[in-house]
A.B. asks: 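I'd like to ask some things about the structure below.
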There are 2 protein chains.
Amino acid sequence: MENFVGDLNLKRYEDYVNVFDALSHPARIKIIGILAEGRQYVSELARLVNISRPLLYMHLKKLETARLVTSTMELSDSGKAMKFYALEDFDLHITRELLKQLSENIIIENPGGKE
Amino acid sequence: MENFVGDLNLKRYEDYVNVFDALSHPARIKIIGILAEGRQYVSELARLVNISRPLLYMHLKKLETARLVTSTMELSDSGKAMKFYALEDFDLHITRELLKQLSENIIIENPGGKE
DNA sequence: ACCACATGTAATAATATTATTACACATGAT
DNA sequence: ATCATGTGTAATAATATTATTACATGTGGT
């Protein structure tokens, strides 16, 4: 079962969980919306999203884990180090059938305690 | 911009966040996978997923909030009350463009503190 | 009366996520 | 030297999610 979705190449259910998790917060969707207009560097991105850099890094980490964004370091003309983030291309198609297939590999271990 | 996805009718970005949130946990994908084969009642569902009922209720609540599942109460032949959960039909198409549109309605308020 | 099995939820514990604060360091311009 | 702007991260606080335990209630069958 090959399953290419845009440039993302999601295979295991964990990959999908990472993507869903990444998309489950307004700030991260905002980040994606901004990066959809073009790459941006961290400090400016923080201003555009209206959050602090430390918090932005946390959100970016989740987006990177899901491979929805990528980053590159560059030296600006003025010689300052700048970290640019860019949005990956993707085209996710979520259906019952897909989730059913994913669920076949999911085994819930402990949870449930005394019952 | 009308945006029908399967039987789900997602409009606001909050609707999408709820769906992504609902799909961001293995147990909930497992639940969906099981319900994809047909409706099921709570106690049996708990056994199939291998979690306790209280925990299952918590997960089902998230799935209901996202409107991915629906529930109905019934009386079995033997007269016992049984709550059945069924999977909704859906066909989500997630693209940069969609997220960009959603992000236009997102305004991050406070976060960012001293910076 | 008691068991097996269904319903539901309140209270708490454990863990993870989200947010804040306070640092340190580098470059170029004034 | 100091300021403005960029980088990064450690430590902590606040909040939310996830998981557990312990209940209470109802039905039908033995």
Side-chain angles (χ1 to χ4, degrees), chain A residues 14 17-31 39-66 69 71-85 106-115, chain B residues 14 17-31 39-66 69 71-85 106-115:
Chain A
E14 291 96 332
V17 167
N18 283 340
V19 170
F20 295 139
D21 189 47
L23 297 176
S24 70
H25 194 289
R28 291 192 288 268
I29 292 182
K30 188 77 186 178
I31 291 168
R39 66 175 205 162
Q40 197 53 268
Y41 66 96
V42 177
S43 290
E44 179 64 8
L45 190 52
R47 283 186 292 265
L48 293 171
V49 180
N50 195 34
I51 61 178
S52 67
R53 268 184 318 113
L55 187 50
L56 176 58
Y57 274 117
M58 186 276 288
H59 286 306
L60 287 172
K61 192 177 174 185
K62 284 213 163 191
L63 289 167
E64 269 190 301
T65 297
V69 303
S71 63
T72 51
M73 272 294 257
E74 287 182 31
L75 282 179
S76 67
D77 291 340
S78 55
K80 284 194 191 115
M82 300 179 78
K83 191 174 190 182
F84 281 89
Y85 273 86
I106 300 176
I107 296 170
I108 308 297
E109 299 286 358
N110 290 322
K114 290 275 178 55
E115 174 132 345
Chain B
E14 291 96 332
V17 167
N18 283 339
V19 170
F20 295 138
D21 188 47
L23 297 176
S24 71
H25 194 289
R28 291 192 288 268
I29 292 182
K30 188 78 186 177
I31 291 168
R39 66 175 204 161
Q40 197 52 267
Y41 66 96
V42 178
S43 290
E44 179 64 6
L45 190 52
R47 284 187 291 265
L48 293 171
V49 180
N50 195 34
I51 63 179
S52 68
R53 268 184 317 113
L55 187 50
L56 176 59
Y57 274 117
M58 186 275 288
H59 287 305
L60 287 173
K61 192 178 175 186
K62 285 212 162 190
L63 289 167
E64 270 190 300
T65 297
V69 303
S71 63
T72 51
M73 271 294 257
E74 287 182 31
L75 282 179
S76 68
D77 291 340
S78 55
K80 285 195 189 113
M82 301 179 79
K83 191 174 190 181
F84 281 89
Y85 273 86
I106 301 176
I107 296 170
I108 308 296
E109 300 285 358
N110 290 324
K114 290 275 177 54
E115 175 131 344

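From a predicted model like this one, the values you see are computed outputs, not experimental measurements. Order of the sequence lines sets the chain letters (A, B, ...), proteins ahead of strands, with each chain counted from 1. Hydrogens, waters and symmetry mates play no part in the numbers below; they use all other heavy atoms, side chains included.
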A.B. asks: Rounded to the Å, how far apart are A:Lys61 NZ and C:dT18 P?
C.D. replies: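 Result: 12 Å.
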A.B. asks: Name the residue closer to the 5' end of DNA chain C, choosing between A:His59 and A:Ala81 according to the nucleotide with the nearest heavy atom.
C.D. replies: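 Whichever sits nearer the 5' end wins; that is A:His59.
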A.B. asks: Choose from D:dT18, C:dT20, C:dT17 the nucleotide whose nearest atom is closest to any side-chain atom of A:Lys62.
C.D. replies: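 Among the listed nucleotides, the one closest to the side chain of A:Lys62 is C:dT17.
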A.B. asks: Could you give the CG-to-P distance, from B:Leu45 to C:dC5, as a whole number of Å?
C.D. replies: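 Going from B:Leu45 (CG) to C:dC5 (P), I get 18 Å.
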A.B. asks: Taking the side chain of B:Ser78 as heavy atoms from C-beta outward, which of C:dA6, D:dG28, D:dT20 is closest to it?
C.D. replies: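 When the side chain of B:Ser78 is considered, D:dG28 is the closest of C:dA6, D:dG28, D:dT20.
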A.B. asks: Measure the distance from NE2 on B:His25 to P on C:dT15 and round it to the nearest whole Å.
C.D. replies: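 For the pair B:His25 NE2 and C:dT15 P, the rounded distance is 14 Å.
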A.B. asks: Can you tell me the distance, in whole Å, between the CD1 atom of B:Ile51 and the P atom of D:dT17?
C.D. replies: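 Atom-to-atom, B:Ile51 to D:dT17, this comes out as 17 Å.
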A.B. asks: Can you run down the salt bridge (Lys or Arg N to Asp or Glu O under 4.0 Å) pairs that involve residues 39-50 of chain B, sequence neighbours left out, and say none if there aren't any?
C.D. replies: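 Listed once each, the pairs are B:Arg39-B:Glu74, B:Glu44-B:Arg47.
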A.B. asks: Considering just the side-chain nitrogens and oxygens of A:Ser43, establish if one lies under 4.0 Å of OP1 or OP2 belonging to D:dT7.
C.D. replies: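 Yes, within the criterion.
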A.B. asks: Looking at A:Lys62 and A:Ala22, would you say the former's side chain and the latter's main chain have a donor-acceptor pair under 3.5 Å?
C.D. replies: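 No: the side chain of A:Lys62 does not pair with the backbone of A:Ala22.
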A.B. asks: Any side-chain N or O of B:Arg47 under 4.0 Å from OP1/OP2 of C:dA6?
C.D. replies: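 For C:dA6, OP1/OP2 do have a side-chain N/O of B:Arg47 under 4.0 Å.
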A.B. asks: Between D:dG6, D:dT18, D:dT20, which nucleotide gets closest to the side-chain atoms of B:Arg28?
C.D. replies: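 The nucleotide sitting nearest to the side chain is D:dT18.
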A.B. asks: In this structure, which one of B:Val49, B:Leu55, B:Ile31 forms a side chain to side chain contact (heavy atoms under 4.5 Å, CB included) with A:Ile108?
C.D. replies: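 Per the side chain to side chain contact (heavy atoms under 4.5 Å, CB included) rule, the option paired with A:Ile108 is B:Val49, out of B:Val49, B:Leu55, B:Ile31.
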A.B. asks: From the list C:dT7, C:dA19, C:dT21, which nucleotide is the closest neighbour of the side chain of A:Pro54?
C.D. replies: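 Out of C:dT7, C:dA19, C:dT21, the nucleotide with an atom closest to A:Pro54's side chain is C:dT21.
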A.B. asks: Main chain of B:Glu109, side chain of A:Asn50: is a donor-acceptor contact present, judged purely on distance under 3.5 Å?
C.D. replies: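 Yes, the answer is positive, given that a donor and an acceptor are paired below the 3.5 Å cut-off.
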A.B. asks: Would you mind reading off the distance between A:Asn18 atom CG and C:dT17 atom P, rounded to a whole angstrom?
C.D. replies: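 Interatomic distance, CG of A:Asn18 to P of C:dT17: 10 Å.
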A.B. asks: Which nucleotide in the set D:dG6, D:dA19, C:dT7 lies at the smallest distance from any side-chain heavy atom of B:Lys83?
C.D. replies: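 The answer is C:dT7, which lies nearest to the side chain.
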A.B. asks: Please compare A:Lys80 and B:Met82 by the position of their nearest nucleotide in DNA chain C and report the one closer to 5'.
C.D. replies: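 Upstream on the strand: B:Met82.
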A.B. asks: Take the protein atom CG of A:Leu56 and the nucleotide atom C1' of D:dT7, then report the distance between them rounded to whole Å.
C.D. replies: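 It is 13 Å, rounded to the nearest whole Å.
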A.B. asks: Ignoring hydrogens, what is the shortest heavy-atom contact between A:Phe84 and A:Tyr41? Give both atom names and the distance.
C.D. replies: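 Heavy atoms of A:Phe84 and A:Tyr41 come nearest at CD2-N, 3.7 Å.
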A.B. asks: Starting at CD1 of A:Ile108 and ending at P of D:dT18, how long is that distance when rounded to a whole Å?
C.D. replies: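 Going from A:Ile108 (CD1) to D:dT18 (P), I get 12 Å.
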A.B. asks: Between P on D:dA10 and CG on A:Leu55, what's the gap in Å once rounded to a whole number?
C.D. replies: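 So the CG-P distance, A:Leu55 to D:dA10, works out to 16 Å.
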